[in-house]
Undergrad: 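Have a look at the structure that comes next, please.
Below, read A as the first sequence line, B as the second, and so on, with proteins coming before strands; counting in each chain starts at 1. Predicted model, so just to flag it, every value in this text is computed and none were measured.
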Amino acid sequence: MEIEKALNGTELTLKIIGRLDTVTAPELEACLKESLDGVANLVMDFAALDYISSAGLRVILQAQKTMNKQGDMLIKNVNETINEVFEMTGFVDILNIE
Amino acid sequence: MNRYIHTIARCLAMLLLATMFFACNKYDKHYQIYELWVGGVKVTTRNQSDILGDGAVRYEGDRESGTLVLTNANITETIDPDADAVVVSNIPNLTIKLEGDNKIGLGNNAPVNAIATRNLSVTGEGSLAVGARASCFKADTLLIESGKIDTYIKTADEEVASFMGVALWTQDKMIINDGDIAIHYTASFSPISYGLYSVSELEINGGNIHINPDDSQLMAVGLITSGQLTINGGKVSVYGLDDAINAKFTHIAGGEVIAQALDYFADGVCRLVTKAEITGGVFTISDMQHNPKSVKLFSNDLHLNGVSIVAGANEISVAKKEINNYGYTDPYIRIEKEE
């Protein structure tokens, strides 16, 4: 998995490339931990995300919890497979998905 | 005259400083504060022999290491029920010793976390029932040597904390050497709730671990680690909503593992993601939902050394492929040591 970061003022965009699973989720978690200070808007771009597992969902939800306190979070460019996961798990009601 | 007054003033000042010095030392000698909170009470040398005043909880040790002895304790309070744990410790090495039957976090309102520590060991012949909304045990490392432990992740509906509930969570190594551990889940449906979760390493050498024994609500994943899972002995029974076992590297060398799951994401009842070696013990895998004649075990690199797949496997691929068994008459794969 790769993560491309782009910071524009207080808006941080993270583009996740590859798979977000048990193996790679800790990497995203670490990236979020070190990047979210002072961020008011977090955008997660899933255009190049192929797969997400429960471990990835946990990291996303933790990010949502953090951003609820300091701003907002948007997930965009979700493919059909990932969207199905969000619907199955009820995450569509918790996350802001575009 | 002035010189005389100055001399007296200097003597008095020195006497005052000396008195303060000795008073402080005397104060330090008899009163120390530990980085340990139990039931909302900060533990000090003044209260450590009976922390809650009921004879049930005492601390034996110092600021670096020690043992929190629970004797028929029932501890429910936190400093902040929406943020803290019932037992909070920043002592580098803490042991919880169980005597009699103990409860933590099983009051009317479950805390967010029950036990939050740095390096933690659990020992003793007693029992401990723990309730929380997000985590029952949360530690840097966890070693369970003995004891009967029941954990309950519980909450009202739609609460994010329990949506991410984890019964036992460690950042670093989690080791189970013995004990009788049952993981219960009574919170709302969640596909991201875990039984035993170590970010780095999970090792089971003995004991009896039973995840979701009630079958009423299921935690999503029974055993999960982003690092190494090693099972050398003991008995592990898992019934998961999604994966029974999910690990980056896996080595099963002994013991008995019964892994059942509904495979919610339909990507494998057990996901032994990167590399898995099965060299001993008995490992039984069942898919309880999708197809009673098919069980999916996912691994990118599976090695079976000195063990065999029984119960009618039709196709087994060892390297870089999923292992699927179709046309089973029995709804499980069992991997056993070859005779």
Side-chain angles (χ1 to χ4, degrees), chain A residues 1 3 16 18-34 36 42 44 46 49-73 75 78-97, chain B residues 83 112 134-135 157-166 169 171-172 188-195 197-202 218-229 240-243 245-250 261-268 270-275 298-300:
Chain A
M1 182 190 70
I3 304 170
I16 318 296
R19 299 167 59 88
L20 189 52
D21 60 15
T22 314
V23 175
T24 57
E27 197 181 317
L28 175 60
E29 189 171 15
C31 173
L32 287 164
K33 214 171 188 173
E34 69 185 27
L36 290 186
L42 173 63
M44 302 194 79
F46 280 10
L49 181 66
D50 300 321
Y51 170 88
I52 189 166
S53 77
S54 61
L57 291 174
R58 286 183 67 89
V59 176
I60 300 300
L61 190 59
Q62 186 61 53
Q64 179 72 67
K65 281 176 70 177
T66 302
M67 291 311 299
N68 282 347
K69 294 176 192 167
Q70 62 189 69
D72 51 58
M73 182 170 109
I75 297 178
V78 176
N79 69 27
E80 200 175 314
T81 305
I82 307 283
N83 196 53
E84 201 176 313
V85 169
F86 284 156
E87 281 181 358
M88 277 169 65
T89 58
F91 270 55
V92 284
D93 299 325
I94 302 172
L95 303 173
N96 185 9
I97 301 169
Chain B
V112 174
S135 70
D157 290 333
E158 297 176 2
E159 194 203 26
V160 176
S162 69
F163 200 70
M164 298 175 68
V166 179
W169 184 100
Q171 180 66 37
D172 295 317
S188 304
F189 162 80
S190 164
I192 55 170
S193 53
Y194 298 157
Y197 174 39
S198 170
V199 178
S200 66
E201 195 172 347
L202 173 53
L218 301 177
M219 299 197 96
V221 183
L223 303 181
I224 178 166
T225 175
S226 302
Q228 174 76 42
L229 168 65
L241 175 70
D242 181 28
D243 305 335
I245 299 173
N246 187 322
K248 182 177 180 180
F249 300 108
T250 305
L262 299 178
D263 197 8
Y264 186 77
F265 289 110
D267 55 6
C270 287
R271 291 183 59 81
L272 313 180
V273 178
T274 305
K275 180 176 178 181
F298 178 83
S299 178
N300 276 306

Undergrad: For B:Thr274, is it the side chain, the backbone, both, or neither that has a heavy atom closer than 4.5 Å to a heavy atom of chain A?
TA: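 For B:Thr274, side-chain heavy atoms alone lie under 4.5 Å from chain A.
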
Undergrad: How about residues 20-31 of chain A versus chain B: which residues have heavy atoms under 4.5 Å apart?
TA: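 Hits under 4.5 Å: A:Thr22, A:Val23, A:Pro26.
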
Undergrad: More than 12 foreign heavy atoms under 6.0 Å from CD of A:Glu87: is that the case here?
TA: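 Counting neighbours around CD of A:Glu87, more than 12 heavy atoms of other residues, nucleotides or ligands fall under 6.0 Å, so yes.
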
Undergrad: Name the region of A:Gln64, side chain, backbone, both or neither, that has any atom closer than 4.5 Å to a heavy atom of chain B.
TA: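 Neither part, no heavy atoms under 4.5 Å.
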
Undergrad: Shortest non-hydrogen contact from B:Tyr264 to A:Thr89?
TA: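 Scanning both residues, the minimum pair turns out to be OH-N, 3.9 Å.
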
Undergrad: Starting at OG of A:Ser53, measure out to CG of B:Asn246 and round the result to the nearest 0.5 Å.
TA: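 Going from the OG atom of A:Ser53 to the CG atom of B:Asn246 covers 6.5 Å.
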
Undergrad: Can you check whether B:Val166 reaches A:Arg58 side chain to side chain, under 4.5 Å on heavy atoms?
TA: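 Result yes, sub-4.5 Å side-chain heavy-atom pair found.
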
Undergrad: Heavy-atom count check: over 12 atoms from other residues, nucleotides or ligands less than 6.0 Å from A:Glu80 CD?
TA: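 Not buried by this count: 12 neighbours or fewer within 6.0 Å.
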
